[in-house]
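Below, chains carry the letters A, B, ... as their sequence lines are ordered, and counting in each starts from 1. Side-chain atoms are counted along with the backbone in the values below, which use heavy atoms only and exclude waters and symmetry mates.
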Amino acid sequence: MIKITTWNVNSVRTRESHVADFLAREQPDLLLLQEIKCEEHQFPRMAFKNLGYDAVVVGQKSYNGVAVLHRVPVEVLHPRLPGMPESDTHARFIEVRTQGITVGNLYLPNGNSGGDEGYAYKLAWMEALRAHSESLMDADTDFVLAGDYNVCPTDADFAPRALPAGDALLRPETRAAFNALIWTGLTDATRALYPSETLYTFWDYQASAWDRNAGLRIDFQLLSPRLAERLTDVIIHKDERAKPQPSDHVPLSVKLAKAA
DNA sequence: ATGTCTACTCCTAGTAGA
């Protein structure tokens with residue numbers, strides 16, 4: 001069995017104790033973090049090292065930033081999303097390999113800031129991700145693409161009035177790009193096990209979103225075909241959102257059975 | 001849309017991003 005968790009922590013330094021508590025309690029093999037909001041040298045490695053976890057970090061000052069905490073050895077395959085230009089300095093992707101599985105950890109652009117250019121960047125990023133998934137499929141790789149997608153794929157994935165009309169998370173072009181990614185052959189782990197439940201992974205800090213359950217389902221673990229066959233559990237760690245000083249996202253875990 | 005949160009700076013108040 002391998003347990004993989006993804007969590008947008010909205011600053012790893014602010015959320016250090018939450019993350020440490022989660023590792024101690026849940027013992028994932030990999031914890032994929034997004035929005036660490038710091039550079040690599042500022043990453044609080046020691047707090048996690050004490051719990052048996054090492055980190056690979058792609059950081060950036062103030063914004064974005066992804067990291068993989070691992071208690072099993074990993075090889076870093078890509079520190080950025082293949083297909084995006086070198087001039088793109090956003091720290092939004094890291095891909096590692098362990099136990100015969102390639103794991104992409106991603107923080108997809110929100111797309112609501114920066115006007116038309118900001119939204120075009122989101123769509124370009126999504127197309128690069130689709131092309132990357134296609135190339136992994138062509139190579140017959142077992143892989144997971146997990147993280148904060150900043151996409152509500154269907155109307156079942158957000159609460160009524162949780163988003164304004166025309167938000168970048170639910171525009172038709174956004175959904176089309178997400179579908180194109182899925183159609184490379186991926187399985188949304190959450191929907192595979194819970195096809196029709198109302199499930200969210202994010203509640204805004206504003207407008208009493210948590211108290212009103214005005215949430216969004218925007219964090220996903222997408223599985224390649226053989227890994228989808230091995231899926232045994234999906235856990236949305238909703239209790240994290242009720243804690244003091246929480247992230248606005250909660251962790252999402254999958255368990256995959258040992259390869260046959 | 002913005003009732004909140006985070007990090008940064010021409011740093012203790014205002015801005016940007018989410």
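One hydrophobic cluster, built from ILVMFWY side chains closer than 4.5 Å, cannot hold both A:Leu81 and A:Val68; they sit in different ones.
The same atom, P, is picked in B:dT6 and in B:dC10; the two are 22 Å apart, to the nearest Å. Nucleotides B:dA1 and B:dT15 are separated by 23 Å at their P atoms, to the nearest Å. Atom name C1', nucleotides B:dA18 and B:dG3: the rounded distance is 15 Å, in whole Å. Across the P atoms, B:dA7 and B:dT2 are found 25 Å apart, a figure rounded to whole Å.
Comparing B:dT9, B:dT6, B:dG3 by their closest approach to the side chain of A:Lys61 singles out B:dT9.
Listed pair A:Arg161 / B:dA1 fails the phosphate criterion, with no side-chain N or O lying under 4.0 Å from OP1 or OP2. Contact check, A:Arg13 against B:dC8: a side-chain N or O comes under 4.0 Å of OP1 or OP2.
For the side chain to side chain donor-acceptor pair (under 3.5 Å) test, residues two or more places apart in sequence or in another chain that qualify with A:Asn213 are A:Trp203.
Listed for the A:Lys122 side chain is a donor-acceptor partner under 3.5 Å among the backbone atoms of A:Asn150. Within the 3.5 Å criterion, the main-chain N or O of A:Tyr107 finds a donor-acceptor partner in the side chain of A:Arg92.
Among the atoms of the strands shown, none is found under 4.0 Å from any heavy atom of A:Ala168. Note on A:Arg212: nothing from the nucleic acid sits closer than 4.0 angstrom, heavy atoms only.
A:Arg175 and A:Asp155 are joined by a salt bridge, as a carboxylate oxygen and a charged side-chain nitrogen come within less than 4.0 angstrom of each other.
Ranked by how close their nearest DNA chain B nucleotide is to the 5' end, A:Leu163 and A:Gln42 are led by A:Leu163. Nearer to the 5' terminus of DNA chain B, by closest-nucleotide assignment, is the contact made by A:Pro164 (compared with the other of A:Gln245 and A:Pro164).
Distance, A:His18 NE2 to B:dC5 P: 12 Å, rounded to whole Å.
Aromatic ring pairs are classed by plane angle as parallel below 30°, tilted from 30° to 60° and perpendicular above 60°; the pair A:Phe93 and A:Trp125 is perpendicular. Ring geometry for A:Phe178 versus A:Phe220: interplanar angle of 30 to 60°, hence tilted.
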Reading 5' to 3' through nucleotides 10-18 of chain B, protein heavy-atom contacts under 4.0 Å coded B for base, S for sugar-phosphate only, - for none: -------SS
